[in-house]
> 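Attaching a single structure in structure tokens format; questions to follow.
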Amino acid sequence: MTKQTAAQQSRGLADDGWPIDIDELRLELTRRLLTLQGMPRRCRERGCRRAKACIGKSLRCQRDFPSPPISERIEAARLAFVQKLLRERLEAIEKGEEKAGE
């Protein structure tokens, strides 16, 4: 076992660096999305602003600055788009163009 693997295991991370626990995975994904959205720049937690990334345990950025509500029409259009992409991906996998794990 290498030092990196031992460190990852002590923090509960898989070999690819993602958390093993599903709740921790959701939290990590949310943190990364908030960081991509630029939330840490206006977050009230000093650590988030310093690190320029969402690092707070409470996800204060999300609580203080909630996403604006979207209309049912836009939500339905987005869901239809995602379903279309999934359908196309499944068809490509079934045809053998792509492997399922890629």
Side-chain angles (χ1 to χ4, degrees):
M1 181 180 296
T2 64
K3 288 183 180 179
Q4 182 180 13
T5 307
Q8 287 178 339
Q9 285 183 347
S10 68
R11 293 185 319 195
L13 300 177
D15 291 336
D16 57 1
W18 285 95
I20 296 171
D21 181 30
I22 190 70
D23 292 327
E24 288 294 321
L25 177 66
R26 288 180 184 139
L27 198 60
E28 182 64 26
L29 283 172
T30 303
R31 281 193 182 110
R32 290 184 186 199
L33 287 172
L34 288 173
T35 300
L36 287 173
Q37 292 174 350
M39 290 294 199
R41 284 179 285 181
R42 60 185 187 171
C43 183
R44 293 184 180 137
E45 284 196 32
R46 188 176 300 159
C48 292
R49 291 192 309 268
R50 278 191 193 144
K52 297 180 181 174
C54 184
I55 60 171
K57 295 185 185 254
S58 65
L59 296 177
R60 185 171 180 172
C61 303
Q62 188 177 29
R63 184 183 70 231
D64 291 346
F65 305 103
S67 301
I70 59 172
S71 69
E72 290 181 20
R73 189 181 113 261
I74 293 174
E75 186 176 0
R78 289 180 181 171
L79 182 60
F81 178 71
V82 169
Q83 288 176 346
K84 177 186 168 204
L85 290 177
L86 288 173
R87 215 175 301 115
E88 290 172 357
R89 174 87 172 168
L90 184 61
E91 289 173 3
I93 290 171
E94 287 175 351
K95 289 180 182 177
E97 295 174 5
E98 299 178 34
K99 293 181 181 176
E102 292 180 356

> Nearest 0.5 Å, please: how far is CG in Leu33 from CG in Leu59?
11.0 Å
> With sequence neighbours excluded, give me every side chain to side chain donor-acceptor pair (under 3.5 Å) pair touching residues 79-88.
none
> Under the side-chain contact (heavy atoms from CB on, under 4.5 Å) criterion, do Arg78 and Glu75 qualify, and how do the steps go?
CA-CA 5 Å; Arg78 289 180 181 171; Glu75 186 176 0; 5.8 Å; no
> Between SG of Cys48 and CZ of Arg60, what distance do you get to the nearest 0.5 Å?
9.5 Å
> How far does CG of Leu27 sit from CG of Asp23, to the nearest 0.5 angstrom?
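Reported value, rounded in 0.5 Å steps: 8.5 Å.
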> Any link between Ile93 and Leu86 through a network of hydrophobic side chains (Ile, Leu, Val, Met, Phe, Trp, Tyr) touching at under 4.5 Å?
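Per the 4.5 Å side-chain linkage, Ile93 and Leu86 are not co-clustered.
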> Determine the minimum heavy-atom distance between Ile55 and Gly47, stating which atoms define it.
CD1-O, 3.4 Å
> Are any non-hydrogen side-chain atoms of Arg31 and Leu34 less than 4.5 angstrom apart?
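Of all side-chain heavy-atom pairs linking Leu34 with Arg31, none is under 4.5 Å.
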> With rounding to the nearest 0.5 Å, note down the distance linking OG in Ser58 to CD in Glu45.
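That separation rounds to 4.5 Å.
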> Please report the C-alpha distance between Glu28 and Glu24 in whole Å, then the side-chain angles of each, then the deciding distance to 0.1 Å, and finally whether the side-chain contact (heavy atoms from CB on, under 4.5 Å) criterion is met.
CA-CA 6 Å; Glu28 182 64 26; Glu24 288 294 321; over 6 Å; no
> Side chains of Leu36 and Arg32, heavy atoms from C-beta outward: is any pair under 4.5 Å?
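No, too far: nothing below the 4.5 Å cut-off.
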> CZ of Arg41 to CZ of Arg49: how many Å apart, nearest 0.5 Å?
13.0 Å
